[in-house]
Amino acid sequence: MARLNIEAALNDPQLQAVRTIEGPVLIIAGAGSGKTRVITYRIAYMLDRGIPQSAILALTFTNKAAREMEDRVKELTGKKLQNLTMSTFHAFGVKILRDEIEALGYRKNFSIYDETDRNQLIKDSLRECHLSVEGTDLYALGQLFSHIKLGSVRWGDGADAAYQPVYEEYQQSLKVFNALDFDDLLVLPILLFEQYPAVLEQYRHRYRYLMVDEFQDTSITQYRLMRLLTDQGEKNVCVVGDDDQSIYSWRGASYENILRFEQDFPGLTEIKLEQNYRSTTTILEAANGVISNNTNRKTKTLWSGNTGGKPIELYHPQNESDEADFIAAQIRTLLMQERLKYDDFGVLIRTNAMTRSIEEAFLAENIPHRVSGGTSFFQRKEIKDILSYLRVIANADDDVNLLRIINTPRRGIGKTTIMAIAELARKNHSSLWDAMGRLRYAPDTLFQEQGKAEIDEFMGLIEGYKEDILGKRGLSQKVRSLVDTIDYWGYLITEYNKAEKIARWKFRNIEYLMQSIANWEHDPDNLDPTLYPYLNRISLITRDDGEDEAGKGKVNLMTIHASKGLEFPVVFIAGAEEGVIPHTRSLEDGDRSLEEERRLFYVAITRARDKLFITSCLTRRHLSSTVECTPSPFLAEIPSHLVEEPEGPVESDTEAEQFFALIKSKFT
DNA sequence: GAAGAGTAGATTTTT
DNA sequence: TCTACTCTTC
């Protein structure tokens with residue numbers, strides 16, 4: 001391999017961070033201080049010193065970050081990295097459970113429930129306990145269940161004990177369905193390790209070098225898992241984080257893990273990376289001006305070698321569509337004037353719903369773009385339908401997914417039939433599939449022959465594909481045949497008979513899905529291209545993170561949360577209004593959340609390398625009405641000498657332009 | 001008993 | 001704008 005020349009590539013603190021591979025290490029890495037660089041060099045350095053790939057475990061926060069890091073290490077070392085484990089905490093949990101879950105009384109073909117599946121199950125559990133679904137805040141109840149499961153709240157003690165039976169029903173159902181929710185992916189490995197020390201010992205023995213990225217965004221549960229793996233012996237664990245960029249506390253993340261780490265690992269090496277290589281002084285000063293208003297933070301001074309920089313430009317468009325047009329027009333101008341490329345631009349928004357207007361403007365202006373976040377591809381109804389078939393083929397006891405497809409496309413198994421099956425399942429404490437199996441051959445039932453025949457046909461369909469797919473290759477071909485057999489196209493046509501366009505578009509999505517399965521299956525690095533690994537993988541992907549090259553040459557449109565860890569020469573922050581950032585929903589629960597919103601704004605600013613645009617609309621459509629907006633209070637925290645703010649609102653399109661746009665849209 | 005039509009209700013951030 | 005649930009019709 002090419003000789004690793006780390007001295008030339010790194011500054012002193014970075015060098016120290018890379019070379020200190022023994023013992024506990026805490027790296028406080030400010031925004032743009034070369035954190036990813038340090039982590040990748042550190043791994044390369046370890047490999048260079050002869051530490052085997054299989055001994056290294058690097059945990060990240062998102063799949064995207066994991067993949068990116070892997071690519072960079074690959075690039076740096078020129079090695080194949082088949083035994084290096086780089087994944088999210090959740091994916092690591094799945095990996096453990098896939099091998100060991102039988103010890104906990106589940107089967108290996110477990111299903112993983114996403115938010116939608118989980119909400120469905122919570123609804124069913126509520127009904128089962130004779131509580132009204134309409135009168136319950138499902139989101140809040142889901143959060144409560146999470147807290148209970150993760151052990152941060154107890155019944156009666158901050159948690160409404162009235163919901164305890166619902167929780168128990170929920171848990172029991174998961175067990176019967178052989179399904180896990182996202183929390184289980186962390187909690188069950190911990191349980192496993194606590195109950196079976198010998199298993200834990202195996203993992204400790206294997207993973208002797210641990211790294212945790214985005215440490216400020218780990219939860220206490222993730223911390224416990226990490227600690228179990230590193231508490232004994234050499235304690236070669238390195239965590240990298242920045243308390244100022246902690247933006248996931250609503251998901252249980254706690255930057256206090258940094259303090260906890262200091263306590264639990266005495267004698268650790270602490271390294272601060274404070275030199276910012278990314279942004280101009282202007283941008284950095286603005287960011288510092290904002291974040292210094294937070295009270296709860298570790299002291300840290302970011303400085304930059306780049307002096308000066310272009311001013312930050314703040315605009316006030318009339319409404320969100322003017323805002324979108326403005327951004328599109330600026331991109332067009334800068335492309336020509338500054339010779340920038342499309343992928344030099346990042347457009348950051350607070351909520352997914354804000355993508356729409358901007359995307360429309362990009363489409364109208366013919367600006368190639370990529371949206372990450374947003375309603376994930378895998379959340380679309382048509383995709384979920386097809387995937388539900390696959391999930392049921394993998395694990396027929398999965399009632400939630402079974403119910404989704406049992407009559408989709410319609411095959412004459414209606415409400416009454418399903419109720420009867422559910423009744424039998426309830427009596428036997430079994431899954432629906434199990435109950436159907438009984439009904440299928442039972443001579444004496446309340447069922448008419450008609451219903452029975454349909455159940456028989458449905459079960460036959462699933463069983464046939466089970467035979468054909470499980471453990472076998474050629475997945476994408478078989479999915480294609482499945483889609484044909486159930487005539488999903490025919491279903492779409494009848495369901496959307498008034499809008500063939502929609503039906504066609506939905507079917508195209510399914511084509512994409514099959515294409516992506518094919519890509520995954522033909523990836524030479526993929527050693528096991530069968531159904532289970534596929535389902536495990538996609539269950540944890542929320543973003544439509546198209547394969548590596550897909551983002552090249554495109555403007556990046558994403559939420560601020562999704563932008564963490566990325567950087568762009570030019571950044572637009574859209575919707576810098578009170579109620580958007582800070583978001584109304586977060587203002588409801590106090591100062592701690594306000595500080596988190598400020599950190600979010602800080603993260604957004606620090607994504608920019610050279611130039612930052614901020615737009616704050618005068619009005620914005622919200623739900624179905626238009627509301628007046630006031631600028632975000634955070635804007636006033638940016639030192640005013642850094643900002644250029646043209647008077648008055650941005651000009652909206654002249655009538656002539658609108659006319660041309662209309663003509664143009666008719667031709668496209 | 002199932003299919004189709006119509007109407008609420010909903011939009012913070014993600015594994 | 002879209003989806004999930006309810007009510008009506010066949």
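Numbers restart at 1 for each chain; the letters A, B, ... are given by sequence-line order, proteins then strands.
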Is any side-chain N or O of [X] closer than 4.0 Å to OP1 or OP2 of [N]?
X: A/Lys415; N: C/dC5; value: no
X: A/Asn407; N: B/dA3; value: yes
X: A/Thr416; N: B/dA2; value: yes
X: A/Thr559; N: B/dT14; value: yes
X: A/Asn352; N: B/dT12; value: no
X: A/Lys564; N: B/dT13; value: no
X: A/Arg380; N: C/dT3; value: no

message = Once hydrogens and angles are ignored, does a donor-acceptor distance under 3.5 Å link the base of B/dT13 to the side chain of A/Arg350?
response = yes
From A/Asp217, A/Asn257, A/Ile39, A/Val239, residue fulfilling side chain to side chain contact (heavy atoms under 4.5 Å, CB included) relative to A/Val212 = A/Val239
Atom [atom1] of [X] and atom [atom2] of [N]: how far apart are they, to the nearest Å?
X: A/Leu594; N: B/dT12; atom1: CG; atom2: C1'; result: 15 Å
X: A/Met354; N: C/dT1; atom1: CE; atom2: C1'; result: 17 Å
X: A/Asp385; N: C/dA4; atom1: CG; atom2: P; result: 9 Å
X: A/Glu382; N: C/dC2; atom1: CD; atom2: P; result: 11 Å
X: A/Arg598; N: B/dT12; atom1: CZ; atom2: P; result: 22 Å
X: A/Asp181; N: B/dT14; atom1: CG; atom2: P; result: 19 Å
X: A/Met558; N: B/dT12; atom1: CE; atom2: C1'; result: 17 Å
X: A/Glu214; N: B/dT13; atom1: CD; atom2: C1'; result: 15 Å

task = Answer with yes or no after comparing the ring centroid distance for A/Phe507 and A/Tyr488 against a 6.0 Å cut-off, counting only values under it.
result = no
ask   = Do the ring centers of A/Phe215 and A/Phe261 come within less than 6.0 Å of each other?
value = yes
ask   = Do we get A/Lys564 above A/Phe61's six-membered ring, with its NZ or CZ under 6.0 Å from the centre and within 45° of the axis?
value = yes
Among [options], which is the nearest nucleotide to the side chain of [X]?
X: A/Thr417; options: B/dT14, B/dG4, B/dA2; result: B/dA2
X: A/Ala562; options: B/dT14, B/dG4, B/dT12; result: B/dT14
X: A/Arg127; options: B/dT12, C/dC5, B/dG4; result: C/dC5
X: A/Gln120; options: B/dA3, C/dC5, B/dT12; result: C/dC5
X: A/Arg356; options: B/dT14, C/dC5, C/dT1; result: C/dT1

task = Would you classify A/Tyr139 as touching base, sugar-phosphate or nothing, given that sugar-phosphate means primed atoms plus P, OP1 and OP2, and contacts are heavy atoms under 4.0 Å?
result = base
query = At under 4.0 Å between heavy atoms, what does A/Phe89 touch on the DNA or RNA strands: base, sugar-phosphate, or nothing?
reply = nothing
Tell me whether the count of non-hydrogen atoms from other residues, nucleotides or ligands lying under 6.0 Å of [atom1] in [X] goes above 12.
X: A/Glu457; atom1: CD; answer: no
X: A/His622; atom1: NE2; answer: no
X: A/Arg508; atom1: CZ; answer: no

task = Hey, which sits more toward the 5' end of DNA chain B by its nearest nucleotide, A/Thr88 or A/His622?
result = A/His622
query = 5'-most contact on DNA chain B: A/Gly412 or A/Phe61, nearest heavy atom basis?
reply = A/Gly412
query = For A/Glu360 and A/Thr116, take the nucleotide of DNA chain C holding the closest heavy atom to each; which residue's nucleotide lies nearer the 5' end?
reply = A/Glu360
ask   = Planes under 30° and centres closer than 5.5 Å, is that true for A/Tyr248 with the base of B/dT13?
value = no
task = State whether the aromatic ring of A/His583 stacks on the base of B/dT12, taking stacking to mean ring centres under 5.5 Å apart and ring planes under 30° to each other.
result = yes
